[in-house]
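Read through the structure below, which is laid out as structure tokens, and then see the notes.
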There are 2 protein chains.
Amino acid sequence: MIFKEKPVIVSRSTLKRLPLYLHLLEGLMAQGLEHVSCTQIAKEFDFDPTQVRKDLEVTGEVGTARIGFRVAGLVDSIKEFLGWNNAHDAFLVGAGNLGKALLGYRDFEKYGLNIVAAFDNDPRKVGTRIFGKEVLPLNKLPNLSKRMHVHIGIVSVPAEYAQSAVDLMVNAGIKAIWNFAPAPLRIPADVILENARLTQSLAVLTNNLKRNRDQGDNNANSDVSKI
Amino acid sequence: MIFKEKPVIVSRSTLKRLPLYLHLLEGLMAQGLEHVSCTQIAKEFDFDPTQVRKDLEVTGEVGTARIGFRVAGLVDSIKEFLGWNNAHDAFLVGAGNLGKALLGYRDFEKYGLNIVAAFDNDPRKVGTRIFGKEVLPLNKLPNLSKRMHVHIGIVSVPAEYAQSAVDLMVNAGIKAIWNFAPAPLRIPADVILENARLTQSLAVLTNNLKRNRDQGDNNANSDVSKI
DNA sequence: GATTTATCGATAAAATTTTCTCCATTAAAA
DNA sequence: TTTTAATGGAGAAAATTTTATCGATAAATC
């Protein structure tokens with residue numbers, strides 16, 4: 001019997017730090033650096049070195065004492081772990097401002113995401129091309145997603161249309177939803193939902209700002225100089 | 001002696017849930033609903049009711065048994081708590097794709113954010129207007145930010161320029177940075193930094209997708225149907 | 001070659017966040 | 001008026017995440 005590596009369930013927190021490490025490591029690799037220690041990485045981000053070590057553990061890479069980890073090995077293992085080595089095709093629904101920006105974001109390729117087409121119900125948009133990608137009417141999504149085996153759907157429609165867009169996608173066999181709309185979404189348990197909501201991040205920012213202003217205190221946010 | 005309300009330090013987790021509640025509550029208010037219970041709110045998002053209660057506690061609103069909370073009161077208190085009642089002026093640096101999208105995102109007004117101008121060093125962009133907002137050369141930022149008392153800076157430049165953009169802003173008196181670049185940033189402790197990195201969210205998504213695929217298991221992500 | 005230093009890996013401790021439990025309160029029902 | 005059911009509030013418990021500690025190991029230094 002062959003033992004496949006058991007898929008480790010990793011905390012969101014760790015998962016979200018991995019791209020930061022990756023970006024740093026790619027820079028180091030470009031500089032020709034061979035090895036790097038958790039201590040060094042931690043210093044860059046003002047993290048705890050132990051935390052970095054724990055995070056890197058999930059990639060399966062092992063370091064050597066006094067030397068650290070192989071940079072190239074880490075880069076590859078993090079990409080592998082995140083699923084960024086194999087490109088995933090994705091559909092985008094909602095070709096408004098945000099949708100356009102996402103369609104034009106070239107870096108997604110690096111992250112294994114390939115937006116193959118956009119969908120919108122606005123007749124002025126349908127038929128046009130945005131950054132080389134065709135804008136199709138929403139009702140063409142189900143057939144196409146089945147034919148092309150697309151499993152990721154990006155939601156960049158206004159909040160009030162989000163649920164119906166998601167329902168359509170789920171029925172069409174989409175297995176993972178990346179949601180930019182500020183709406184709660186209902187999906188079956190076997191579909192993956194990841195929210196990327198600007199408002200949440202903004203909430204943290206403006207609340208901090210208000211607090212700073214309210215108190216004129218300068219040590220309350222001593223933790224915010226971190227990454 | 002007058003006791004000012006002591007500014008409560010609230011966890012990021014709570015802070016990030018508040019905008020979700022707010023959005024829901026605004027919907028309920030539009031429907032004419034007067035009161036709402038934590039139980040109802042929790043049900044919408046598949047959260048724990050106690051968690052919702054604890055989150056709402058920070059706003060200072062008190063509910064009444066058997067009735068719940070006043071919807072209008074909650075909406076106002078959450079906005080107040082997040083600092084979304086008073087508009088904050090902001091500068092945006094980097095008028096690329098993402099920058100453009102942010103400039104065109106009308107909802108920011110609702111969230112108390114008012115982008116007053118954009119800055120870029122690309123001569124083809126300087127002098128143009130994007131969604132009515134002027135694009136200025138970066139070297140005009142310091143003077144303007146002081147004159148206009150702008151305290152928020154939005155970073156949407158490529159990673160390699162992020163640090164220098166931030167340094168410029170910090171020197172110009174910017175007090176809070178909203179960073180979209182996938183780079184680690186160094187800032188003084190009294191400046192607020194909030195990162196809004198798409199790659200982090202994408203990492204969670206693609207990793208989940210890979211895990212699901214690797215194992216063909218359907219109960220490993222039983223938590224992903226939540227908000 | 002011995003000693004020192006930096007680092008990893010594993011485990012334990014601390015801190016934080018989430019969930020649970022119980023009780024007092026309140027409006028509605030009997 | 002009394003009873004009942006739903007709810008908020010407070011605090012305890014559980015789970016998760018982060019940080020600290022310690023022995024082993026490998027390179028650098030003496």
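Below, chains carry the letters A, B, ... as their sequence lines are ordered, and counting in each starts from 1.
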Can you check the [X] [atom1] to [N] [atom2] distance for me, whole Å?
X       : N      : atom1 : atom2 : result
A/Asp48 : C/dA15 : CG    : C1'   : 13 Å
B/Lys43 : D/dA6  : NZ    : P     : 10 Å
B/Asp55 : C/dT16 : CG    : P     : 17 Å
B/Arg12 : C/dT17 : CZ    : C1'   : 14 Å
A/Asp46 : D/dT18 : CG    : P     : 15 Å

**Which residue lies more 5' along DNA chain D, comparing A/Lys54 with B/Glu57 via nearest heavy atoms** = B/Glu57

**Message:** Tell me whether the rings of A/Phe91 and A/Phe119 are parallel (<30°), tilted (30 to 60°) or perpendicular (>60°).
**Reply:** perpendicular

**Request:** Classify the ring geometry between A/Tyr21 and A/Phe47 as parallel (under 30°), tilted (30 to 60°) or perpendicular (over 60°).
**Result:** perpendicular

Search all heavy atoms of [X] against all heavy atoms of [Y] and return the closest pair with its distance.
X        : Y        : result
A/Leu92  : A/Ser156 : CD2-OG, 3.6 Å
A/Glu61  : A/Ser77  : OE2-OG, 2.5 Å
A/Ile115 : A/Leu102 : CD1-O, 3.8 Å

**Asked** Between the side chain of B/Thr206 and the main-chain N/O of A/Leu82, is any donor-acceptor distance below 3.5 Å?
**Response** yes

**Request:** Would you indicate which nucleotide in D/dT17, C/dT18, D/dG11 comes nearest to any side-chain atom of B/Thr50?
**Result:**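 Output: D/dG11.
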
Please produce a list of atom pairs where a protein N or O lies less than 3.5 Å from an N or O of nucleotides 4-8 of chain C.
| residue | atom | partner | partner atom | Å |
| --- | --- | --- | --- | --- |
| C/dT5 | O2 | A/Arg66 | NH1 | 2.6 |
| C/dA6 | O4' | A/Arg66 | NE | 3.2 |
| C/dT7 | O4' | A/Arg66 | N | 3.4 |
| C/dC8 | OP1 | A/Cys38 | N | 2.9 |
| C/dC8 | O3' | A/Gly63 | O | 3.4 |

